[in-house]
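See below for the structure under consideration.
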Amino acid sequence: MDMSTVEHAMLTPSATSAPASGTKVTARACNVYYGEKHALKDVSVDIPERSITAFIGPSGCGKSTFLRCINRMNDTIASCRVTGKIEIDGQDIYDPALDVVQLRARVGMVFQKPNPFPKSIYENVAYGPRIHGIAKSKSDLDEVVISSLEKAGLLKEVKDRLNDSGTGLSGGQQQRLCIARAIAVSPEVILMDEPCSALDPIATAKVEELMDELKANYTIIIVTHSMQQAARVSQRTAFFHLGNLVEVGDTRQIFTNPKEQRTQDYITGRFG
Amino acid sequence: MSGIYFTTMAVLVLAGFYLSSRRAVGVSREASAGSLHSLPVYHGLYTAALVFVPMLLVFAVGAPLLDRIANSAALAAFPSSLATDELHRGATLRDVYNLAANQYSGAPSLELQNAAETLKSTLSLGRWTIFGLGVALGLAGFALGFTSIDKQFRARNRFERFVLIVLFACATVAILTTVGIVFSVLYETIRFFFDPSLKGRPTVTDFLFGTEWNPQAALRADQGDIKTAFGFVPLLTGTLLITLIAILVAGPLGLFSAIYLSEYATPRIRAFAKPILEILAGIPTVVLGFFAALTVAPIIRGWGHHVGLDIASESALAAGVVMGMMIIPFISSLSDDVINAVPQSLRDGAYALGATKSETIRNVILPAALPGIVSAFMLAISRAIGETMIVVMAAGLAANLTFNPLDAVTTITVQIKTILVGDQEFDSAKTLAAFALGFVLFFVTLVLNVIALAIVRRYREQYD
Ligand SMILES: Nc1ncnc2c1ncn2[C@@H]1O[C@H](COP(=O)(O)OP(=O)(O)OP(=O)(O)O)[C@@H](O)[C@H]1O
Ligand SMILES: [Mg+2]
C-alpha cells in the first residue's frame, strides 16, 4: 500500500475529530505468556474514553492477545498467564476481588468470525440482558432488543423475522447481530477483533459507519489488518511488533509522521 | 476348493493391478503428445476392480446355489415323503454327508451309498464349474481393463464410479439385512397368532392386553386356562420399569459427568477419568449381574429393612440401578464427544457477554449439543431395553404386573431367553411366543426412536 491511499483515506471527517478527554483503559507493564512463549512484552498504553483506538501490526504480534487481556478472555486459556496492571476507570481488573463476569458485561467483545448463537435473532440479542437482569419485563426486553438492533443498523433488515435463526443471516448481517448482542448489555468498552475481515466492502462500510456512531457513547478498540480502515475510523493508533508496543499516537501522526522506523516500514508496506 | 478359488482371485487381482499400472506408465512415456488422463495407479485399480467384482459375485451366488442343487440331487433317490418331513430329511442328509466324508459309522444301506456318490460327483462338478466360470469372467475383466488403457481413458472417473457402487452395495446390504430380520420375525409372529395348526395360541387382544404371563400353561393345554397364558402387559411394564430406573440413574450421572469432563476437568483429570469410564463399558453384563444380585440387592434390602419395608431379594430397583451403571458410559462418552464438538467460538461469545460457565453450558452448549445428547440417551435406552443378563440375575423371572420398584419383575428379553433355552423346534405356541415378543420389542424401540427424533427436530439449535 502506498502513502497516498492512506492519506486520502485519512481525510474523512471522523479521523480528524479530536479524541475526547478522559482515559478509560490504562495498561502498565503488561506481559502475557502462553506457557513458555512470551507473547506480549511490557506493554503500557492509555486508551481514551469515547473514541476509537486501532491496533495494527503484522500477524502474530500480539494484538488479539492484548485485546483479550482487557476483558480477561485470556482466563479461558489454560496455559495463559498475565502480569502487570490493567485498569478501567482506575480499577484494577486483575484484582482477585473483582468479578470477571461483571467485568465482561462492562467490556463487550466482537470476534473476527461472526459467532451468533444458534438461536433466534431475538434470543441472540436478548441473551445478555437476560443473564444480567437488565430488563425488568418482557416489554423492557423487547425495547432493549429493538434498540440494540437499531443501533447496530440491522433492524430494518430483520424486523420481520426476529424469530428466525441468527445463523441463517448473511455474514455481514451476522456480524452486525453480534455487535447488537454486545451493545445490548450497555458495555462501556467494546473490543473488536478484526470485525470486518470476513465481510465484503459494503458490509464493512456499514460496520465502520456504525462504529463511528457508537463512539459517542462507547470506548471502542479495534484490531485491524486494513490500514485504510485504521486511518478511516480511528482517532488513535497503536502499532505492535513481535509482542512489543512500538508506537502509539494520534492516527494522523502515526500515518503521516511516525516516530519509529519500524512503524514507517510497516505502514508503507515494507514488511508485515 | 474355496482356498484355491480365492488364491487364484488374489493372484489375478494383483496381477491386474500391477500389469495395468505398468502398462499405463509405459503408455505415458510413449512419444505422442499429451499426458495420461489418469494416474497409472487408477488404471491398475480399474483393472483390479474388473477382476475382483465378477469373481466375487460368481462365488457369492454359486456356492449357496450349489449346496441346494447337491442336496436335492443326493436326496432324489430317497422316497418323496422325505421332502415334507423336515426332521427326517435333515438326519438323512447328515448321514449322506458323513458317508461322503468317510465318517459314517456302521454299515450304510445301498441307497445311502448311492446318494453319497451322487453328492460327491455333483459337488465336484459344481465346484469346477464355479471355478471355471469365475476365472473366465476374471480373465475377461482383466482383458477389458488392460486393453482399455489409453491416454484418453478416464480410469480415474471409472474407478470413482466403482467406489460409489461398492458403497451403495454396502448400504443396501445393511438395509436389506434389517428388512430381512424384521420380516422373518414378523412371519413367525403371524404364525403365532394365526396358524390354525398351533395348539394354545392366543388372540392378538389376549396377547396385547392380557395381564398374566405364564407360557408353561400352553404346554399343558388341557389343564390350564390358555387364555391367560400369554398376557404381554406384565412384561412390558417390567421392561419399562427397569429401563426407567436405569435412565433415572444413568441420565443425570452420565450427562453431568460428561459436562464435568468436557467443560471443567483439567486435562490431567480428564486423561485419567475418561478411560476409567470406558472400562465400565467393557465390563461383561454377567459380572454386573453378580454385582447386582450379590452387592446391590442386599444393600437395598438392608435399607428397606431399616425403614420397615419388606423387599424381595430380587427387585426391579437392584436390576435397574445396576443397569443404569452399565449404560452410564454410553451417555457420558457420547455426550462428552458432542459437547466437545460445539465450536469454541460459541463459548467465547457467551463468556464475552459476561455469562458464567454454568449459564454458558445451560443456555448455549447443551442446546447446541442436544441432538447428539438425545441420540446418546436413545442408544443407552435401547441397550437397557435389550439387556437380559442383569435382569435374569437381579430381578428374577416372576411376571408380576406392578409398578413397585421393590418387587420382582421380569422383562421381554428375559422371557424370550427363558422360552427358548433348551428348545430347538419352533413349532409350539410357547416357542413362537418368543418371536411375538421380539416383534413387539422391536416396535417399542422404534416408537421410542421416533419420539426422540421428534424431540430433536423440535428443539435443535443448529450451528455451523
Ligand atoms: N492460545 C494460545 N496458545 C499459545 N500461543 C498462542 C495462543 N494464542 C496466541 N498465541 C501466540 O501468541 C502470539 C500472539 O498471538 P495473537 O493472536 O495475539 O496475534 P495477533 O497479533 O492477533 O495476530 P493476527 O493478526 O494473525 O490475529 C503468536 O505468536 C501466537 O502464536
Ligand atoms: Mg488476532
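The sequence lines fix the lettering, A, B, ..., with proteins before strands; numbering per chain opens at 1.
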Measure [X] against the heavy atoms of chain B and call it side chain, backbone, both or neither at under 4.5 Å.
X        : answer
A:Arg181 : both
A:Val100 : neither
A:Pro187 : neither

Note to self: By the definition side chain to side chain contact (heavy atoms under 4.5 Å, CB included), identify the one residue from B:Asn340, B:Leu255, B:Leu366, B:Ile259 that meets it with B:Ser335.
What the structure shows: B:Leu255

Note to self: Here's a test for you: under side chain to side chain contact (heavy atoms under 4.5 Å, CB included), which of B:Leu241, B:Ile247, B:Leu248 qualifies with B:Ile245?
What the structure shows: B:Leu241

Item checked: Option among A:Glu194, A:Lys63, A:Gln229 that satisfies the side-chain hydrogen bond (donor to acceptor under 3.5 Å, both in side chains) test with A:Thr224 -> A:Gln229

Next item on the list: Check the angle between the aromatic planes of B:Tyr260 and B:Tyr264 and answer parallel, tilted or perpendicular using the 30° and 60° thresholds.
Entry: parallel

